[in-house]
Amino acid sequence: MHTMDTSTGNMTSIEDVSISIEDDDIHNGFANILRRFRMDFGSDDLRSITAGFKMITVSKLMKTFEVDPNNASINNWILEFKFWSILEGLLDVKFHRDLLCGDDKRDNSSANSELPIDLKNLCEYSSETVITDQIISADSSLLQLYTVMKTLSDTFSLDFQLLNSDINMDNLNTTKWLATLNKINSFNRDPKLIKELDADAPLRSNLEIDEDDKSNDERFFSKAFELLISNNLEELQDLCQNTNNWDFALMIAGLQDRIDPVIDLDDYSNSTRPSGVKNKLLRKRTIYQLLQNEKMGLYEKACYSFLSNDFVYCNEPVDNWEQKLYLYLNNLLNIEVENKELKIIKRLGFQTNLIDKLPSPPIMSENINDILNKLNNDSNSNIRDQSKHPIRVLIGSVISDNVQTLMNNTIKSIDDLNSNDEIMNDTFILRVLTHLSIILQLTYGEKIISNYDYTKLLKCYILRLILYKKYELVPIYISFIPSDEIIQVYSHLLFQFDYESTDRISQIENMRNLDLPLENILRKTMEIAFRDTAEYYPTNVTVQLIYDVEAIDEKLYSTIFWFIDAHMYSDCLEVIVILLRRFLLVGKIASAIKFLETVSLPKLIDNYKYKVTIIEDDNDELILPDFKLLELRYYNQLFTTFKKLLDSNDKAEDINVEKFQGLVKSLNAIVREWLFPLVNYEDDEVSQDDVETYKELRRIYLPTLFNALFDLLISKRQWGKKNVRDAMDLVNLLADEKYKLYEIFNSTNELQPFMEKLSKVGCQLFGEYKEGVYVDI
């Protein structure tokens, strides 16, 4: 399969990230989430689906990591966990909001709107947390940025825990600048070293600290940067305390979100001094000024850069697509919010001269699409390569409102698939795309992806499940197909593939549990089976009895097993009539025999009768006409006799008198009565077409069975003259006006050959029985 460029929607190859067949727990887990949602429809919201997907993915991730920490698929599971986390976060702030607002939703992006917030309860000393919350909540685009940022930040700890699990920070010094301190106190102090140990000393004096302390600081700030972008401030405070980095700890504390109980909550029980948004903005601008110090290490600059909402310096040590995306978003969101905060302060009539004098970091991008374009074209080749990963493509498409293009290209990719092998190779991304499409369809209907394309995508995933024999999961995904397509799609799948009895039973059970139209699906399946195989059973050719079973015959009659397993006995018997007529009309006697060996026709009839007697509603469709039950009995009689006849031919030397007499009795009954009552059945339900079918079947089979009976009697004439007399008496049966067998023989051009054979045999018998076959010796 292919996927899209995160910014343009163009397809790119993902062969390098395809993974092997996934474990059953993933497929079963995702399917069971959907099963519960479908069976309890209305009691759960979409969040339960995405939360379930997220937990299954992270469970798979942790199991994989425990078995093999170097497994190449770990990165895929981390990315998928992030994707479902982001999707879960956006359900309320984007998907549900889109759904509620519909086409009338207004564009309230930060670039085009004033702040629709209440200024009455705000003042110069209002906490920034309160003002920020109001600004973000009032602007859907900022709220989406914030949600994506928070989700990414919350998942970074997983990256560092698993992908950087070898990093050990325990060797950090517990004393700040210990090496510098020791050299300052030595007799041979280096004049290039600072004289005081406060954090501002290098800036103030333009002197340096010891190289060991520089390395130790860089390790500290490297860890601090991880904790900052992971929003793990509590652990960061502990790290500062354990390493005596009190200046940095104070810097972090000054920028943390806080609410003033007096100003913001009207709580006068606490006399806490208000901090105010101005102070926080001043702190950020001051920190940004620190970045001008060229002597800072890479990670120290990155920390200050991040704290001041700058992008330029904090992105330099980053080699990960999600982290760089987060830094872009942090820059865009916080500078937009700060600009609005300044407008609020000025509107309230307060001065911002000091803030205005300090430099502020530039906004590096205009919007999400701009950010994604920059990532795709990043100067770092690793970032560019990571941008092509299909899960990152999905993330980019979701956060940039580019999902429709993604889905269109996905469907085009599916259309380009030429074999099932290609479907198998793309199982990872196909699973994610399929479950995303289900959520989109439940949320937006056809606004994002048409029912036709959506159904095509689900069919592709269902085919993958079938190829790996996950049959019990198929009904779950069928239940999410648009209702008007369910019968058509499922019936084709049921006929297309072969299923064991356990597979059929599990699907039938799930169809019932999911309230799928089971009966109509199976009836449509049977219709397709007979329609699509009609060309293999032409009735306009000369009929010859066929004693081999072809694959198409087995394919056709195996479809009936669905009716049997579903206990749809009326439909089952109705279709068996049609099937046996089709087989017999083209001479496929062996296929008919083999089919009836796989089922018990008498038992099916008994089950049907029992079910009819307990039906409470008077449903005439479930009642078979009597003539069809009689027809089935005649077919059973024919096949039983044919089976005996074929067995006797295969094992002629083993036949004894008892078996011989049983076979003769069966053949006698067949040639006299088979279908004969139905030809003359006095019932309006028996159509003229039915009668013509019975006549044709008698024309095909009675001459063969009649000849077989004659030959059998003659072949065993040594067992007694009675056999010879019975054989010769068949002439009388042939001429009997009641059965009109002679007309059948004549219509099939077999009358003369039989008479010639009779004459020849009669001459032979004259030599053996000169007194005649009717005179006992």
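Since this is a predicted model, take the numbers as computed values, not measurements.
Just one residue in the list L458, L514, L493 forms a side chain to side chain contact (heavy atoms under 4.5 Å, CB included) with I478, and that residue is L493. Of the listed residues (K459, Q507, K524), just one forms a side-chain hydrogen bond (donor to acceptor under 3.5 Å, both in side chains) with Y490, and that residue is Q507. Checking each of T559, L522, I560, L580 against V575 for a side chain to side chain contact (heavy atoms under 4.5 Å, CB included) leaves exactly one that passes, namely I560. Each of T640, D647, T641 was evaluated against K643; a single residue qualifies, D647, per the side-chain hydrogen bond (donor to acceptor under 3.5 Å, both in side chains) test.
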* **Criterion side chain to side chain contact (heavy atoms under 4.5 Å, CB included) on T50 and L46, from CA distance to verdict** => CA-CA 7 Å; T50 50; L46 292 180; 5.8 Å; no
* To do: Start with the C-alpha gap between T405 and N408, add the side-chain angles, then the distance that decides, and say whether side chain to side chain donor-acceptor pair (under 3.5 Å) holds.
  => CA-CA 5 Å; T405 304; N408 290 338; 5.5 Å; no
* **Trace of the side chain to side chain contact (heavy atoms under 4.5 Å, CB included) decision for Y694 with R581** => CA-CA 9 Å; Y694 301 143; R581 285 185 182 185; 3.3 Å; yes
* Carefully, step by step, assess Y477 and R38 under the rule side chain to side chain donor-acceptor pair (under 3.5 Å). => CA-CA 10 Å; Y477 292 92; R38 176 58 70 188; over 6 Å; no
* To do: Show your working on side chain to side chain donor-acceptor pair (under 3.5 Å) between N510 and R35 and close with a plain yes or no.
  => CA-CA 9 Å; N510 279 328; R35 186 207 308 270; 2.8 Å; yes
* Using the side chain to side chain contact (heavy atoms under 4.5 Å, CB included) rule, take L556 and Y537 through it: C-alpha gap first, then chi angles, then the decisive distance, then the call. => CA-CA 11 Å; L556 178 57; Y537 304 95; 3.9 Å; yes
* Asked: Given the rule in the ring-ring contact (aromatic ring centres under 6.0 Å, His included) test, do Y557 and F595 qualify, once you have shown the distances and angles that lead to the verdict?
  -> CA-CA 7 Å; Y557 72 62; F595 165 66; 5.4 Å; yes
* To do: Check step by step if side chain to side chain contact (heavy atoms under 4.5 Å, CB included) holds for F561 and V599.
  => CA-CA 9 Å; F561 298 153; V599 300; 3.8 Å; yes
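Taken to the nearest 0.5 Å, the CG atom of L394 stands 11.0 Å off from the CG atom of N402. To the nearest 0.5 Å, atoms CG (N451) and CD (Q441) are separated by 5.0 Å. Atoms OG and OH, from S506 and Y499 in turn, are 10.0 Å apart once rounded to the nearest 0.5 Å. The CG atom of L604 sits 6.0 Å away from the CG atom of L573 when rounded to the nearest 0.5 Å. In this structure, the separation between CD1 on I700 and NZ on K695 is 14.5 Å, given to the nearest 0.5 Å. Here the NE2-CD1 distance, from H27 to I476, works out to 13.0 Å after rounding to the nearest 0.5 Å.
You'll find the side chain of E80 reaches within 4.5 Å of the side chain of F428, heavy atoms only. Between L442 and F37, some side-chain heavy-atom pair lies under the 4.5 Å cut-off. Looking at F53 and V432, their side chains never come closer than 4.5 Å, going by heavy atoms from C-beta outward. The shortest distance between side-chain heavy atoms of F642 and L705 falls below 4.5 Å. With a 4.5 Å cut-off on side-chain heavy atoms, R531 and I528 count as touching. Between D453 and M407 the shortest side-chain heavy-atom distance does not fall below 4.5 Å. Y608 is listed as a side-chain neighbour of L629, based on a closest heavy-atom distance under 4.5 Å. Under the 4.5 Å side-chain criterion, counting only non-hydrogen atoms from C-beta, M568 is in contact with R523.
Put simply, the side chain of K555 gets close to the backbone of F495: a donor and an acceptor are under 3.5 Å apart. Not one N or O on the side chain of D532 forms a donor-acceptor pair closer than 3.5 Å with the backbone of A529. Remark: the backbone N or O of F563 is not paired with any side-chain donor or acceptor of H567 at under 3.5 angstrom. For the pair D553 (side chain) and E550 (backbone), a donor-acceptor distance under 3.5 Å is present. Here the side chain of N513 pairs a donor or acceptor atom with the backbone of E509 at under 3.5 angstrom. Between the D690 side chain and the V686 main chain, no donor and acceptor come within less than 3.5 Å of each other.
Under the side-chain hydrogen bond (donor to acceptor under 3.5 Å, both in side chains) criterion, the residue pairs touching residues 666-681 are K644-S666, N668-R672, E673-Y739, with sequence neighbours excluded. Within the structure, side-chain hydrogen bond (donor to acceptor under 3.5 Å, both in side chains) contacts touching residues 698-709 (residues at least two apart or in different chains) are E696-R699, R699-S747, N707-K757.
Between R633 and E631 there is no salt bridge, since no side-chain nitrogen of the basic residue lies less than 4.0 Å from a carboxylate oxygen of the acidic one.
A donor atom on one side chain and an acceptor atom on the other are not found under 3.5 Å apart for Y454 and E446.
Summarising the local packing, CD of E597 is surrounded by more than 12 heavy atoms from other residues, nucleotides or ligands at distances under 6.0 Å. In this structure, D736 places its CG atom where more than 12 heavy-atom neighbours from other residues, nucleotides or ligands lie under 6.0 Å away. Within a 6.0 Å radius of OH in Y547, other residues, nucleotides and ligands contribute more than 12 heavy atoms. Counting non-hydrogen atoms of neighbouring residues, nucleotides and ligands closer than 6.0 angstrom, the NZ atom of K54 exceeds 12 such neighbours. Crowding of D515 atom CG: a count of heavy atoms from other residues, nucleotides or ligands under 6.0 Å not exceeding 12.
Residues satisfying the side chain to side chain donor-acceptor pair (under 3.5 Å) test with R582, not counting sequence neighbours, are T533.
Checked against the 6.0 Å centroid threshold, F480 and H435 do not count as a close aromatic pair. Under the 6.0 Å cut-off for aromatic ring centres, F754 and F706 qualify, their centroids lying closer than that.
When all heavy atoms are compared, the tightest approach of P517 to I487 is CG-CG1, 3.9 Å. Considering every non-hydrogen atom in both S570 and I623, the closest pair reads OG-N, 4.2 Å. A pairwise comparison of heavy atoms in L457 and L433 identifies CD2-O, 3.8 Å as the closest pair. Nearest approach of L751 to Y742, heavy atoms of both residues: CD2-O, 4.3 Å. Of all heavy-atom pairs spanning P677 and Y634, the tightest one is CG-OH, 2.9 Å. Of all heavy-atom pairs between R36 and I33, the closest is NH2-CD1, 3.0 Å.
Taking the ring axis of F583 as reference, the NZ or CZ atom of K594 does not stay both within 45° of it and closer than 6.0 Å to the ring centre.
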